[in-house]
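What follows is one structure encoded as structure tokens, with my remarks underneath.
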2 protein chains.
Amino acid sequence: MAPNPTKSKSNSAIAVEELRKLIFSGELPAGSDHLESELATRLGMSRTPVREAALTLEGQGLLEVRARKGVRILPISVRDMEEIYDVLTELESMAAADAAGQGYSVKDLKTMEKTIEDMETALAAEDRDAWAEADDRFHTELVRLGGNSRVMAIVARMADQVRRAKSVTLHMRPLPLQSNKDHRDVVDAIRAGDAARAREIHATHRAGAKDVLINLLKQNRLHML
Amino acid sequence: MAPNPTKSKSNSAIAVEELRKLIFSGELPAGSDHLESELATRLGMSRTPVREAALTLEGQGLLEVRARKGVRILPISVRDMEEIYDVLTELESMAAADAAGQGYSVKDLKTMEKTIEDMETALAAEDRDAWAEADDRFHTELVRLGGNSRVMAIVARMADQVRRAKSVTLHMRPLPLQSNKDHRDVVDAIRAGDAARAREIHATHRAGAKDVLINLLKQNRLHML
DNA sequence: GTATTCACTAATGTATGCATTGTCAATATT
DNA sequence: AATATTGACAATGCATACATTAGTGAATAC
């Protein structure tokens with residue numbers, strides 16, 4: 001059956017989507033406070049579904065519900081970024097090792113190869129946004145191949161939290177020339193079924209990315225994002 | 001200031017606590033469905049705070065809100081247990097390595113030593129419940145010493161999901177004679193500041209615990225918990 | 001001039017009733 | 001007999017009104 005266009009999503013679900021958009025677009029900046037009634041008016045619904053959406057997003061670590069002060073869009077400190085990158089490093093490296101152990105065929109790795117090609121194309125064109133988008137797809141596909149749904153969920157949520165900061169840092173940092181090679185090497189290790197090497201390469205890759213980012217933030221006195 | 005006894009928690013917060021208790025005690029068994037109105041009556045409040053609590057607990061992975069079918073207490077499959085144990089292994093091992101890198105003093109490790117003593121006492125008395133409780137404290141303290149608040153949060157939630165299954169498996173399994181030695185070795189490595197060894201020992205320890213558990217579940221045909 | 005109290009206010013927390021909608025079973029149709 | 005249709009129902013989704021409470025600032029006591 002084709003998707004039914006008349007089937008309407010609940011306002012609560014709409015509120016979750018819309019609030020996420022507003023947060024990622026920066027219209028609700030990190031650190032800002034917003035009353036439930038204000039958001040309800042903005043979204044054209046009553047407070048009830050907005051409250052429910054706020055609870056959901058609180059569980060996702062994007063905001064904080066504070067009695068009588070409205071919801072606060074959570075700011076991200078340098079320390080937060082370090083924590084998040086460390087978790088991502090650990091779980092993605094695990095996923096890389098797991099992926100290598102699954103005996104994937106060349107065909108299974110096609111999606112991943114495509115993300116690397118896209119990254120190389122973007123890099124040649126010095127299109128940082130396109131590069132970041134393809135890089136995201138690479139990491140998402142990597143954890144998918146790892147086959148642990150909880151790792152996928154956790155990584156997706158951490159990546160959400162980092163996404164806002166990325167728009168700030170992406171254009172400050174040097175072109176990620178090393179990344180593409182690292183990615184290729186990880187895929188090679190997975191294809192070869194070498195779990196230890198896949199893990200090692202990816203962990204090193206991630207640690208390098210973290211260093212670049214953290215130093216960039218500290219040098220530019222960006223304590224909060 | 002002493003905690004104010006007159007300050008009353010919101011019904012929504014109470015509902016979260018009570019529902020967690022009901023879930024962990026088994027009064028709301030895994031896989032069972034419950035209408036919002038039923039739970040509201042049971043907790044002596046209206047549907048509103050119960051709905052909000054349900055959303056919070058859904059974010060914690062303990063239940064699932066399904067329109068018109070009530071909330072379902074999530075069952076845990078063998079596959080789920082494998083996923084959870086793998087994540088715990090990875091993040092706790094990372095915490096062990098991080099802890100070893102922090103240069104903790106003997107005094108800083110006192111809390112952890114205490115949990116090991118308690119485990120040994122419990123083991124000598126063959127008191128499995130006391131042993132499990134002390135073991136929980138050991139793992140909690142380990143990730144605390146790791147110093148990554150996100151790891152703490154994730155591990156706590158995964159441990160929650162495992163807790164229900166533990167009551168089933170705890171009394172089936174052989175006395176964990178190896179565990180206490182592993183724990184001592186991890187503390188030794190942390191005290192010595194040997195991050196690689198702390199990580200390695202803990203990872204091996206966790207992998208062993210996982211094998212014992214998964215085999216136990218499979219042998220007893222416990223596909224769902 | 002400063003500190004304390006207290007009432008007011010604004011925002012959340014909660015209950016309730018109605019609207020909406022998927023489910024289920026009874027009935028009709030082939 | 002099997003399947004499709006329909007309609008009542010039951011449970012959630014949502015809006016609204018009200019209760020509660022923390023924060024604010026003015027008034028007062030020291």
Side-chain angles (χ1 to χ4, degrees), chain A residues 1-23 27-29 31-74, chain B residues 1-23 27-29 31-74:
Chain A
M1 187 178 9
N4 186 344
T6 65
K7 176 177 179 178
S8 55
K9 270 174 293 195
S10 73
N11 278 359
S12 185
I14 292 173
V16 170
E17 290 174 15
E18 291 299 317
L19 289 176
R20 282 180 65 97
K21 279 185 201 165
L22 291 172
I23 292 170
E27 292 180 72
L28 300 180
S32 61
D33 293 326
H34 306 274
L35 298 180
E36 292 177 358
S37 47
E38 170 204 328
L39 294 173
T41 303
R42 190 163 183 168
L43 300 184
M45 57 184 73
S46 80
R47 277 174 52 219
T48 306
V50 172
R51 269 178 74 84
E52 296 186 348
L55 285 171
T56 298
L57 294 174
E58 183 173 46
Q60 293 177 12
L62 288 176
L63 52 83
E64 185 186 18
V65 177
R66 304 184 317 165
R68 261 157 226 91
K69 296 189 176 175
V71 302
R72 152 161 298 182
I73 311 304
L74 284 179
Chain B
M1 183 173 29
N4 185 344
T6 65
K7 177 177 178 178
S8 55
K9 271 174 293 196
S10 74
N11 278 358
S12 185
I14 292 172
V16 171
E17 290 174 16
E18 292 298 318
L19 289 177
R20 282 180 65 96
K21 279 186 201 163
L22 290 172
I23 291 170
E27 292 179 72
L28 299 180
S32 62
D33 293 326
H34 306 274
L35 299 180
E36 292 177 359
S37 48
E38 171 204 328
L39 295 173
T41 303
R42 191 161 183 169
L43 300 184
M45 56 185 73
S46 79
R47 278 174 50 217
T48 306
V50 172
R51 271 178 73 83
E52 296 188 347
L55 285 172
T56 298
L57 294 173
E58 183 173 45
Q60 294 178 12
L62 289 176
L63 52 82
E64 184 186 18
V65 177
R66 303 183 318 163
R68 261 157 230 92
K69 297 191 176 173
V71 303
R72 154 161 297 182
I73 311 304
L74 284 180

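All chains are named by letter (A, B, ...) in the order of the sequence lines, taking the proteins before the strands, and each is independently numbered beginning at 1.
By the 4.5 Å heavy-atom criterion applied to side chains, A:His34 and A:Arg72 are not counted as neighbours.
Residue B:Lys69 is the one, among B:Lys69 and A:Ala67, whose nearest nucleotide of DNA chain D lies closer to the 5' end (criterion: closest heavy atom).
Taking both residues in full, the closest heavy atoms of B:Ala53 and B:Ser12 are given as CB-O, 4.0 Å, listed atom of the first, atom of the second, then distance. Residues B:Leu63 and B:Ile23 come closest through the heavy atom pair CD2-CD1, 4.2 Å.
The separation between B:Leu35 atom CG and D:dC9 atom P is 18 Å, rounded to whole Å. One interatomic measurement links the two molecules: CD1 of A:Ile14 to P of D:dA15, which rounds to 10 Å at whole-angstrom precision. Whole-Å rounding puts the A:Glu38 CD to C:dT12 P distance at 10 Å. Atom C1' of nucleotide C:dA11 and atom CG of A:Leu39 are separated by 13 Å, given to the nearest angstrom. One atom, CG of A:Leu55, and another, P of D:dG13, lie 14 Å apart when rounded to the nearest Å. If you measure from atom CZ of B:Arg72 to atom P of D:dA11, you get 16 Å, rounded to the nearest angstrom. Residue A:Asp33 contributes atom CG, which lies 13 Å from atom P of D:dG23 at whole-angstrom precision. For the pair B:Lys9 NZ and D:dA22 P, the interatomic distance rounds to 14 Å; values are reported in whole Å.
For the side chain to side chain donor-acceptor pair (under 3.5 Å) test, residues two or more places apart in sequence or in another chain that qualify with A:Glu27 are A:Ser25.
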All N/O contacts under 3.5 Å from nucleotides 15-18 of chain C to the protein, with atom names and distances to one decimal?
{"residue": "C:dA15", "atom": "OP2", "partner": "B:Ser46", "partner atom": "N", "Å": "2.8"}
{"residue": "C:dA15", "atom": "OP2", "partner": "B:Ser46", "partner atom": "OG", "Å": "2.4"}
{"residue": "C:dA15", "atom": "O5'", "partner": "B:Ser46", "partner atom": "OG", "Å": "3.3"}
{"residue": "C:dA15", "atom": "N7", "partner": "B:Thr48", "partner atom": "OG1", "Å": "2.8"}

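At least one donor-acceptor pair closer than 3.5 Å links the side chain of B:Glu58 to the backbone N or O of B:Val65.
B:Arg68 contributes atom CZ, which lies 12.0 Å from atom CG of B:Leu35 (distance to the nearest 0.5 angstrom).
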